[in-house]
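Within every chain, numbering begins at 1; the chains are lettered A, B, ... in the order of the sequence lines, protein sequences first and strands thereafter.
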Amino acid sequence: MRITTWNVNSVRQRLEHLLAFLKEAEPDVLCLQEIKTQDDSFPRLEIEAAGYHVVTHGQKTFNGVAILSKARLEDVRTGLPGDPSDEQARYLEGMVPLGAGMVRVGCIYLPNGNPVGTEKYPYKLGWMERLAAHAAALLKLEEPLVLAGDYNVIPEPGDCHDPAAWAQDALFLPQTRAKFRELLNLGLTDAVRATTNAEKLYTFWDYQAGAWQKNNGIRIDHLLLSAQATDRLIGTTIHKHVRGWEKPSDHVPVSVDLRAEPVR
DNA sequence: ATGTCGCATTCCATGCGA
C-alpha cells in the first residue's frame, strides 16, 4: 500500500493539483498539511467523488491537516495530546487495513518555529516534546505505524542545499535537530534515508529567489516508521515533478510503499 | 535582490505566516 504526505499550502488553491495527484500516484492514504481552511469549507465532495474517505482537522487561515484514504479511517484522533490549551490544528491520526492487520497513520504539521527568539521557537520545541511522548505511547502498541508530515526539520547538513544559510534557522538549529534525533531514537525509521543515500533530495523549495530553478531546496517532509512498518517497507518516492506544475505548493508529496505482510 | 505565495481585513492595500 502507498502512504503519502503533502503540505499543499491551501487545499482550496491546490484542488486541481490534488485531484491530478490522486489520479497519478494512487496513494491509499494521503496526509495533507496546511489546508488553511475550516472543516466546512474543505472540498470534501470533490475528493469523495475521486474515491476517498476524508477526515479533517481544519482551522481558519492557518495550519489545518486532513487525511484522505481509500478505506474508511478507524480510531480517529484529532489533535496532539499533552496541552489542552493548544488551539493550533496540527495533528490527526487514524487506522486503515494493511494485510491481515492495520496500519496507524499520524498526519503531522510540526510548527515552523521562526523567528527564533520569539515565543514561536519554544512552542516548536514543546510540540516536538509532546510528539515524542505520543509516539512513545503508540510504539508500545507494537503495530505498523507511519508518522507522516511536514516536520519543519532539516535532519542533517546533506538535507539542504546550503547548510550555512540555515545555521540560525529554527528548522536547522542544533536543538531542533537533537529533538528530531530523540524521536528517531525512540525506534522510528526515516523511510527516505532507509531506502536511499542519494544526495540533494529535497521536498521544499521556497517561492522566492528562484530557489526551485536553482534546486536550492531542503528536505523537511518525512515519514517515520515503526519497526513493524519498516519490516514492510518496499521503497519511497519524492514526487519532485509536482513542484514544476503551474502555481504549485512550495512542498512536494513524499510516499512510502509498504508490503501487506512483513518480510521474515 | 527585503526576491513569493495565500489568507484575512483595515477590503484593490496592507499585515501576517511561511
Between [N] atom [atom2] and [X] atom [atom1], what is the distance in whole Å?
{"X": "Asn216(A)", "N": "dA1(B)", "atom1": "CG", "atom2": "C1'", "result": "14 Å"}
{"X": "Asn114(A)", "N": "dC16(B)", "atom1": "CG", "atom2": "P", "result": "16 Å"}
{"X": "Asp150(A)", "N": "dG17(B)", "atom1": "CG", "atom2": "P", "result": "17 Å"}
{"X": "Ile218(A)", "N": "dA18(B)", "atom1": "CD1", "atom2": "C1'", "result": "11 Å"}
{"X": "Asn7(A)", "N": "dG17(B)", "atom1": "CG", "atom2": "P", "result": "17 Å"}
{"X": "Lys214(A)", "N": "dG3(B)", "atom1": "NZ", "atom2": "P", "result": "14 Å"}
{"X": "Asp169(A)", "N": "dG17(B)", "atom1": "CG", "atom2": "C1'", "result": "14 Å"}
{"X": "Tyr121(A)", "N": "dG17(B)", "atom1": "OH", "atom2": "C1'", "result": "18 Å"}

For nucleotides 4-9 of chain B, print each protein N/O atom paired with a nucleotide N/O atom at under 3.5 Å, atom names and distance only.
| unit_1 | atom_1 | unit_2 | atom_2 | d |
| --- | --- | --- | --- | --- |
| dT4(B) | O4' | Tyr207(A) | O | 3.4 |
| dG6(B) | OP1 | Arg14(A) | NH1 | 3.0 |
| dG6(B) | OP1 | Arg14(A) | NH2 | 3.1 |
| dG6(B) | O3' | Ser10(A) | OG | 3.4 |
| dC7(B) | OP1 | Ser10(A) | OG | 2.4 |
| dC7(B) | OP2 | Gln13(A) | NE2 | 3.1 |

Sugar-phosphate, base or nothing in reach of Tyr109(A), heavy atoms under 4.0 Å: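 Contact class for Tyr109(A): sugar-phosphate only.
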Closest non-hydrogen atom pair between Tyr109(A) and Asp150(A), with its separation: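 Where Tyr109(A) meets Asp150(A) most closely, the heavy atoms are CE1-OD2, 3.4 Å.
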Nearest heavy-atom neighbours spanning His222(A) and Tyr151(A):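 His222(A) and Tyr151(A) have their closest heavy atoms at O-CE1, 3.4 Å.
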Check ion pair Arg104(A)-Glu143(A) (N to O, under 4.0 angstrom): yes
Residues that His53(A) engages under ring-ring contact (aromatic ring centres under 6.0 Å, His included), provided they are two or more places apart: none
Residue from Leu183(A), Thr189(A), Ile108(A) passing side-chain contact (heavy atoms from CB on, under 4.5 Å) with Leu224(A):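 It is Leu183(A); the other options fail the test.
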Taking only the [atom1] atom of each, what is the distance from [N] to [M] in whole angstrom?
{"N": "dC7(B)", "M": "dC12(B)", "atom1": "C1'", "answer": "15 Å"}
{"N": "dT14(B)", "M": "dG3(B)", "atom1": "P", "answer": "14 Å"}
{"N": "dA1(B)", "M": "dC16(B)", "atom1": "P", "answer": "26 Å"}
{"N": "dC11(B)", "M": "dG6(B)", "atom1": "C1'", "answer": "16 Å"}
{"N": "dG15(B)", "M": "dT10(B)", "atom1": "C1'", "answer": "10 Å"}

ILVMFWY cluster membership beyond Leu171(A) - transitive side-chain contacts under 4.5 angstrom: Ile154(A), Trp166(A), Phe172(A), Phe204(A), Ile218(A), Ile220(A)
Test item: side-chain donor near acceptor, His134(A) and Glu93(A), under 3.5 Å: yes
